[in-house]
Undergrad: 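Structure provided below as structure tokens; questions to follow.
Below, chains carry the letters A, B, ... as their sequence lines are ordered, and counting in each starts from 1. Only this structure's heavy atoms are used, side chains among them; waters, hydrogens and symmetry mates stay out.
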Amino acid sequence: MHARPHSFVIVRWWFILNVYAISKAMSITPFDEIIEQNDQTAARREHLEKLRELVGNPYPNKFGRSALSGEEDTITRLLAHPPVAEINAEMHAILASLGEGERPPAEKKDALNERLKALGNVRIAGRMAVPPRVMGKAAFVHLSDGISRLQVYVRKQDAVAISNATGEAIDEEGKAWEVFGYLDHGDFIGVEGYLFITNTGELSVHVEKLQFLAKAMLPMPDKMHGIADPEIRQRQRYADLIASSLQIEHDGLTTREVFERRAKLISSIRHFLEDHGYIEVETPMLTPKATGAAAKPFVTHHNALDIDLYARIAPELYLKRLVVGGFEKVYELNRNFRNEGISYKHNPEFTMLEFYCAYMDVNGMMDFCEELLRQSVMKATGGLVIEYEGKTIDFSNFRRLSMADAVSEPGAVATGLSDSELLERFETDVEHTLIQPTFIIDFPKSISPLSKASPENPQIAERFELFINGMEVANGFSELNDPREQYDRFADQMQARERGDEEAMVLDEDYIRALSYGMPPAAGIGIGIDRLTMLLTNKHSIRDVILFPHMRPEKRSATEDTESTE
RNA sequence: GGUCCGAUAGCUCAGUCGGUAGAGCAAAUGGCUUUUAACCAUUGGGUCCCAGGUUCGAGUCCUGGUCGGAUCACCA
């Protein structure tokens, strides 16, 4: 420390003070207030400076990983590489045959180690997933690539450090060991060495070259408990994801697995639709009219045009314009925005799949929806039966039940109910009881302004909603394509609006014009992807299946009264 | 918005009847050349969410507030 020239210290202090003054003047949060300062971060900061002295730039630009598997090896890929996987499996078979605390016989281990060494050196990189276990002149640590972890073994006399200035080995006794001493749980390092199996039977890399790659300035989440505070889990999803990869034991899916499953669901939906001739499109997110659903919109303003725009509440009317234009099978899988309450099943922006198929009616759509869900659930979870909060939900059969029958099911026959009474009885008495996948059909026409009436009963809409675990997951209907009738339905909605129903649908004149060009008979559906994901991942809250759910802005002491972020 | 629950060390949590602020992990220092929730020894670390009140004395009791969670009502 005292080796540092005085002028340097002064310049450094001047710099720190100056930066602080600048951040004050601009009313931005000073760096040191963005991350909390404590003994943990102070130690890491000291380590960072030591590493800078030892290897140069502590944030180098790259590290070339090896390619045993044919492509650049992540830890996961290296472990899956056939010779490695095979030897590892043989070791595990030996371990499985041993009693508690017993070690594998040396001859067998040595034979496997011969085969591993013949594979040559490997180069892998990752985050230090545990604090290093240092034993005098040797140490073990695990590196993680976010999915898998691999142990590395650093022995003082065997390892050399790589300089980040030259990219070459630093030819100095014990340098790598010194570097290793300043590594913290969570740092990124790259190593080169040979694979071997330890006395306890764990596949490891015997390190010959060690390169420092990036510092973690903040301490890692608790290795046993992860992050307990749900707010931090959602607000700092990055930390939650780190925690889920570091945690040794956990119940259910890790956070990463939840989002991998979500991705799998979405990709299998896309494949299914594309296999059936659907084309994916993108329609406006910023729209001059918030319509196509019953909901309150977010409003924003376009300066150049000087008009208000609305974040879309549904893509429905745009997609049907495309059916008019000749896209007979069309889908969009993207966000909708609704300026309404937040709850365990509502987020202000949510992901919706909508698709339309020409010449199909509501019954065909229910059949297709069942098939789509069965295939996607199978691909995402590996089966058709899922466990959700202690309940077993079976996707192999979907019930179909009219709303009137659903309401009268418990006993009394519901006759002479008005549309709104029927709907209310359904929502309060029946909805929460629909655990197994159930299509509720025969909706009152008056609450379905975009759907066709049933040919048998003009008061009934050819519409369904799919309920699973008491939650609405999908909504579909035979699309109304008579422009005159659609106009009259909009007119009714506009009257309801004037009576104060903020969610009544807004007339879209251009949509009426589009229908006037002629739209083939068609069926359409919207499927809530977040809610479906909740079911498939056994998550109670929509916030657990959205990477960055909407949250109140975080309060920071420095900017508290000067600025409120959005 | 209503109701219920919670906030204590960097993290996860104890804290009895109102009487000196605790543990494990993490950190620092030393030891240890095949460990694995490494181990052993030592050390540091607290605005007990905020404000007020009761009391000789408040982490603990009371009132108000902030933030969060669960739940109910409206929306998918």
Undergrad: Rounding to the closest angstrom, what is the interatomic distance between B/A27 and B/U20 at atom C1'?
TA: 26 Å
Undergrad: Apply side chain to side chain donor-acceptor pair (under 3.5 Å) to A/R103 and list each qualifying residue two or more places apart in sequence or on a separate chain.
TA: none
Undergrad: Counting only side-chain N and O atoms of A/H540, is one of them less than 4.0 Å from OP1 or OP2 of B/U71?
TA: yes
Undergrad: Rounding to an integer number of angstrom, what distance separates B/C13 and B/C49 when you compare their P atoms?
TA: 15 Å
Undergrad: Which word best sums up how the rings of A/H206 and A/Y153 line up, parallel for under 30°, tilted for 30 to 60°, or perpendicular for over 60°?
TA: perpendicular
Undergrad: In whole Å, measure the gap between the P atoms of B/C61 and B/C25 for me.
TA: 30 Å
Undergrad: Using whole Å, report how far CZ of A/R233 lies from C1' of B/A70.
TA: 14 Å
Undergrad: Tell me whether the rings of A/F368 and A/F355 are parallel (<30°), tilted (30 to 60°) or perpendicular (>60°).
TA: perpendicular
Undergrad: Roughly how many Å apart are B/G19 and B/G31, using the P atom of each and rounding to a whole number?
TA: 44 Å
Undergrad: Sticking with atom C1', work out how far B/C56 lies from B/C50, rounded to a whole angstrom.
TA: 26 Å
Undergrad: Just jot down the side chain to side chain donor-acceptor pair (under 3.5 Å) partners of A/R155, sequence neighbours excluded, or say none.
TA: A/D158
Undergrad: Do the side chain of A/Q151 and the base of B/U35 come within less than 3.5 angstrom through a donor-acceptor pair of N or O atoms?
TA: yes
Undergrad: Tell me: NE2 of A/H346 to P of B/U71, nearest whole Å?
TA: 13 Å
Undergrad: Using a 6.0 Å distance limit plus a 45 degree cone around the ring axis, check whether A/R463 lies over the aromatic ring of A/F443.
TA: yes
Undergrad: With sequence neighbours left out, what residues match A/A228 under side-chain contact (heavy atoms from CB on, under 4.5 Å)?
TA: none
Undergrad: State which residues pass side chain to side chain donor-acceptor pair (under 3.5 Å) with A/E192; sequence neighbours excluded, sorted by chain then number.
TA: A/N121, A/R123
Undergrad: Taking the P atom in each of B/A21 and B/U16, what is the distance between them to the nearest angstrom?
TA: 14 Å
Undergrad: Here's a test of your reading of the structure: between A/S541 and A/F196, which maps to the more 5' nucleotide of RNA chain B?
TA: A/F196
Undergrad: Nearest to the side chain of A/A228, which nucleotide is it out of B/U12, B/C74, B/U34?
TA: B/U12
Undergrad: Starting at the 5' end of RNA chain B, write a dot or bracket for each base, bracketing those in Watson-Crick or G-U wobble pairs whose two distances are under 3.5 Å and using | for partners on another strand.
TA: (((((((..((((.....[..)))).(((((.......))))).....(((((..]....))))))))))))....
Undergrad: Produce the list of close N/O pairs, under 3.5 Å, pairing protein atoms with atoms of nucleotides 27-33 of chain B; give distances to one decimal.
TA:
| from | atom 1 | to | atom 2 | distance (Å) |
| --- | --- | --- | --- | --- |
| B/A28 | OP1 | A/H47 | NE2 | 3.1 |
| B/C32 | N3 | A/V134 | O | 3.3 |
| B/C32 | N3 | A/G136 | N | 3.2 |
| B/C32 | N4 | A/G136 | N | 3.4 |
| B/U33 | N3 | A/Q157 | OE1 | 2.7 |
| B/U33 | O4 | A/Q157 | OE1 | 2.8 |

Undergrad: Please measure how far the C1' atom in B/U47 lies from the corresponding atom in B/A7, and state the result in whole Å.
TA: 14 Å
Undergrad: I'd like the P distance from B/G52 over to B/G46, given in whole Å.
TA: 22 Å
